[in-house]
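Take a look at the structure set out below.
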Amino acid sequence: MTRRRPWARRTATVAVSAIALAALTVPAEAATTSTTTATAAVDYATWQTDCQTVMNQALPYLQQRIAATQPGEKQAIVFDIDNTTLETDFGFSWPQPANKPVLAVAKYAQEHGVSLFFVTARPGIIYLPTEYNLEHDGYDVDGLYVRGLLDLFKDVATYKTAQRADIESKGYTIIANIGNSATDLSGGHAEKTFKLPDYDGQLS
């Protein structure tokens, strides 16, 4: 996990890493599901409406929780990436577009001093294009956690829980954890969780 660096220093590396990203036709977290239904069955407009419904619950909570920030408290939100912050199964271009309802909530949080952390099952080889994609879409990336070689052999839920614990060890209070899979949200280390739709595993 590293903090963001200026884009200009990474342009060449991002261009090379983007090839690896494009080669991954199935998002990394799809590997955790034994059976997958064709995502074509999921209607984009319905998905966006359902995401907005969840974020309509998240925003008032965050407004209240941010207003109650204690002196010296460092607040953070942890996000999943695929079909949470980015339109992975619907974004047919690169950089992939942001999931608009989630981006709106993220922008409110970052504008009010909350740090944004991203914990994904994506492999480390696509760290740079993933970071670039998030920043390109308007997310402040205070920390990005991707799976290293040894992490690939760990249970995804266990891996993600460990990353949230690491964020807390740096002095942050995780006021919300937002994802679209049970593996994104289980294991604690967050005051409140918000689950976006995955339609029984149709979205990674």
Side-chain angles (χ1 to χ4, degrees), residues 1-4 27-29 32-33 50-86 88 98-122 127 130-131 134-135 137-148 151 154-201 203-204:
M1 194 276 291
T2 58
R3 290 184 65 84
R4 60 184 182 275
E29 294 185 30
T32 64
T33 306
D50 292 344
C51 286
Q52 187 64 64
T53 297
V54 177
M55 292 299 96
N56 285 345
Q57 299 168 12
L59 184 57
Y61 159 75
L62 290 172
Q63 290 171 331
Q64 182 179 23
R65 183 63 182 85
I66 291 168
T69 303
Q70 298 299 309
E73 181 181 38
K74 297 194 302 181
Q75 294 184 339
I77 300 176
V78 172
F79 294 91
D80 171 50
I81 292 180
D82 291 307
N83 298 306
T84 297
T85 50
L86 300 180
T88 310
N99 184 358
K100 298 177 187 64
V102 175
L103 178 61
V105 168
K107 283 189 170 183
Y108 177 86
Q110 65 196 30
E111 288 168 1
H112 288 80
V114 179
S115 297
L116 308 187
F117 290 86
F118 300 82
V119 178
T120 178
R122 291 183 176 196
Y127 178 101
T130 298
E131 183 185 44
L134 291 167
E135 291 181 343
D137 287 352
Y139 295 101
D140 285 350
V141 181
D142 292 285
L144 171 61
Y145 289 79
V146 294
R147 289 197 293 176
D151 296 323
K154 296 178 182 178
D155 173 73
V156 173
T158 301
Y159 154 75
K160 290 197 168 190
T161 300
Q163 311 319 305
R164 294 194 301 276
D166 183 70
I167 294 167
E168 288 180 329
S169 74
K170 293 176 170 57
Y172 288 94
T173 299
I174 300 174
I175 61 175
N177 181 19
I178 299 174
N180 75 327
S181 171
T183 60
D184 302 329
L185 307 176
S186 63
H189 297 283
E191 291 184 348
K192 195 170 182 64
T193 61
F194 294 92
K195 186 182 183 302
L196 297 167
D198 70 347
Y199 306 106
D200 297 322
L203 300 182
S204 61

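The figures here come from the full heavy-atom set of this structure, side chains too, leaving out hydrogens, waters and symmetry mates.
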From the list Arg164, Lys160, Glu168, Gln163, side-chain hydrogen bond (donor to acceptor under 3.5 Å, both in side chains) partner of His189 resolves to Glu168

Check whether any side-chain N or O of Asn177 sits under 3.5 Å from a backbone N or O of Thr193 as a donor-acceptor pair, and report yes or no. no

Side-chain (Asp50) to main-chain (Pro197) donor-acceptor, under 3.5 angstrom: no

Asp80 to Thr85 - nearest heavy-atom pair and separation: O-OG1, 3.2 Å

Heavy atoms only: give me the nearest Thr84-Asn180 pair and the separation to one decimal. OG1-N, 3.4 Å

On a heavy-atom basis, the closest approach of Leu103 and Ala98 is CD2-CB, 3.8 Å

Applying side chain to side chain contact (heavy atoms under 4.5 Å, CB included) to Thr120 and Leu144, what does each step give before you reach the verdict? CA-CA 8 Å; Thr120 178; Leu144 171 61; 4.2 Å; yes

Spell out, as yes or no, whether a donor-acceptor pair under 3.5 Å connects the side chain of Gln110 to the backbone of Gly138. yes

Measure from the side-chain N and O atoms of Thr161 to the backbone N and O of Gly188, and report whether any donor-acceptor pair falls under 3.5 Å. no

Asp166 and Tyr145: side chain donor to acceptor below 3.5 Å: yes

Non-neighbouring partners of Phe118 that pass ring pair (Phe, Tyr, Trp, His ring centres under 6.0 Å), sequence neighbours left out: Phe79, Tyr139

Taken to the nearest 0.5 Å, the spacing of Asp82 CG from Asp198 CG works out to 12.5 Å

Given side chains that start at C-beta, do those of Arg147 and Val156 come closer than 4.5 Å, heavy atoms only? yes

Should the heavy atoms of other residues, nucleotides or ligands under 6.0 Å from NZ of Lys195 be counted, would the total exceed 12? yes

Exam field: side chain Asp142 to backbone Leu116, donor-acceptor pair closer than 3.5 Å: yes

Where do Ala176 and Leu62 come nearest, in terms of heavy atoms and distance? CB-CD2, 4.0 Å

pair Val105-Phe194: side-chain heavy atoms closer than 4.5 Å: no

When you measure from the side chain of Asn99 to the backbone of Val102, do you find a donor-acceptor pair of N or O atoms at a distance under 3.5 Å? no

State the CD1-CD1 distance between Ile77 and Ile167, to the nearest 0.5 angstrom. 11.5 Å

Restricting to non-hydrogen atoms, name the atom on Tyr159 and the atom on Val146 that form the minimum distance, rounded to 0.1 Å. OH-C, 3.1 Å

Decide yes or no for Tyr61 and Ile175: does some side-chain heavy atom of the first lie under 4.5 Å from some side-chain heavy atom of the second? yes

Taking only residues at least two apart or on different chains, which pairs with a member in residues 66-76 satisfy side chain to side chain donor-acceptor pair (under 3.5 Å)? Arg65-Glu73, Thr69-Gln75, Glu73-Gln75

For Gln52, give me all partners under side-chain hydrogen bond (donor to acceptor under 3.5 Å, both in side chains), at least two apart in sequence or on another chain. Asn56

Could you check whether any side-chain heavy atom of Leu203 comes within less than 4.5 Å of a side-chain heavy atom of Thr88, counting everything from C-beta outward? no

